[in-house]
Amino acid sequence: MDDRFSKLTGAFTAALIALLSGLGIGSGGLLVIWLTMIGGIDAETARGLNLLFFVFSASAALIVHLLKGRVRLRLVLFLSLVACIGTLLGTYIGSLIDPLLLKRIFGGMLVISGAYTLIGSLKNKRKPTEKKTLLEK
């Protein structure tokens with residue numbers, strides 16, 4: 001009974017995280033947290049599973065957007081090629097850098113990105129919204 005409950009809970013959690021992902025909420029962190037804290041999986045394996053999960057959720061989103069005609073295939077193919085080249089180059093450069101330094105660089109990037117986003121959202125809240133009449137639209 002315990003094993004069935006565990007599988008059912010895991011399936012429900014995966015479906016919930018997939019739903020959040022489909023809504024555009026950054027659910028990758030949620031999955032990694034769930035897998036490490038509740039599932040007892042080591043962080044490296046959890047990150048790998050998160051990437052695999054992303055492949056499936058991104059594929060589902062791509063199918064929906066293709067069906068709705070929202071995807072420019074030539075642009076996607078070009079960007080995919082550039083992304084593959086960048087990934088290979090980044091992997092090579094990353095292998096040359098000390099892992100601790102790489103973690104610190106990544107952490108610094110996250111802090112800068114978060115601060116930039118926070119400051120941008122605060123600036124947008126301060127700007128008065130311009131209301132246009134129907135004639136001005």
Side-chain angles (χ1 to χ4, degrees):
M1 180 74 171
D2 190 81
D3 189 44
R4 282 182 59 189
F5 177 74
S6 177
K7 287 180 181 179
L8 185 62
T9 303
F12 176 75
T13 303
L16 180 63
I17 291 173
L19 176 68
L20 292 172
S21 179
L23 293 171
I25 297 169
S27 58
L30 297 174
L31 182 60
V32 171
I33 291 168
W34 170 264
L35 290 172
T36 55
M37 295 183 79
I38 308 299
I41 296 175
D42 64 284
E44 189 174 342
T45 303
R47 287 192 300 267
L49 288 170
N50 184 51
L51 289 173
L52 184 62
F53 182 85
F54 174 75
V55 167
F56 289 106
S57 80
S59 298
L62 178 61
I63 291 169
V64 170
H65 288 295
L66 281 170
L67 292 173
K68 292 186 176 187
R70 297 180 182 164
V71 177
R72 291 192 241 159
L73 284 176
R74 292 179 67 174
L75 179 61
V76 169
L77 292 174
F78 172 73
L79 292 176
S80 297
L81 176 66
V82 172
C84 288
I85 293 168
T87 300
L88 292 172
L89 185 61
T91 301
Y92 175 72
I93 293 170
S95 71
L96 300 176
I97 300 173
D98 177 46
L100 182 61
L101 177 61
L102 201 55
K103 286 180 183 180
R104 289 180 178 167
I105 291 170
F106 183 69
M109 182 195 70
L110 288 177
V111 169
I112 291 169
S113 174
Y116 180 79
T117 302
L118 179 64
I119 291 168
S121 68
L122 291 174
K123 283 182 180 179
N124 287 338
K125 285 185 179 182
R126 289 185 187 169
K127 290 181 184 178
T129 56
E130 295 179 17
K131 294 185 180 180
K132 294 182 178 181
T133 65
L134 288 175
L135 295 175
E136 293 175 318
K137 291 182 182 179

Sequence neighbours left out, cut at 3.5 Å: what donor-acceptor pairs do the side chains of residues 76-89 make with other protein atoms?
residue, atom, partner, partner atom, Å
Ser80, OG, Val76, O, 2.7
Thr87, OG1, Ala83, O, 2.7

In Å, rounded to the nearest 0.5 Å, how long is the span from CG of Leu122 to OG1 of Thr117?
-> 11.0 Å
Common cluster, Phe53/Ile38, ILVMFWY with side-chain heavy-atom separation under 4.5 Å = yes
Sequence neighbours left out, what pairs pass side chain to side chain donor-acceptor pair (under 3.5 Å) with at least one residue falling in residues 34-48?
-> Asp42-Thr45
If you look at every heavy atom in Leu31 and Leu49, which pair is closest and at what distance?
-> CD2-O, 4.4 Å
Taking atom CE of Met109 as the centre, does the number of heavy atoms from other residues, nucleotides or ligands within less than 6.0 Å exceed 12?
-> yes
How far apart are the C-alpha atoms of Thr13 and Leu30, what are their side-chain angles, what is the distance that settles it, and do they pass the side chain to side chain contact (heavy atoms under 4.5 Å, CB included) test?
-> CA-CA 10 Å; Thr13 303; Leu30 297 174; over 6 Å; no
Shortest non-hydrogen separation from Ala46 to Val32 and the atoms involved = O-CG2, 4.1 Å
When every non-hydrogen atom of Ser59 is compared with those of Val55, the smallest separation belongs to OG-O, 2.6 Å
Sequence neighbours excluded, the answer for salt bridge (Lys or Arg N to Asp or Glu O under 4.0 Å) partners of Lys7 is Asp3
Would a hydrophobic clustering, with Ile, Leu, Val, Met, Phe, Trp and Tyr connected at side-chain separations under 4.5 Å, put Leu62 with Leu67?
-> no
First locate atom CD1 of Ile97, then atom OH of Tyr92, and finally report the distance between them rounded to the nearest 0.5 Å.
-> 11.0 Å
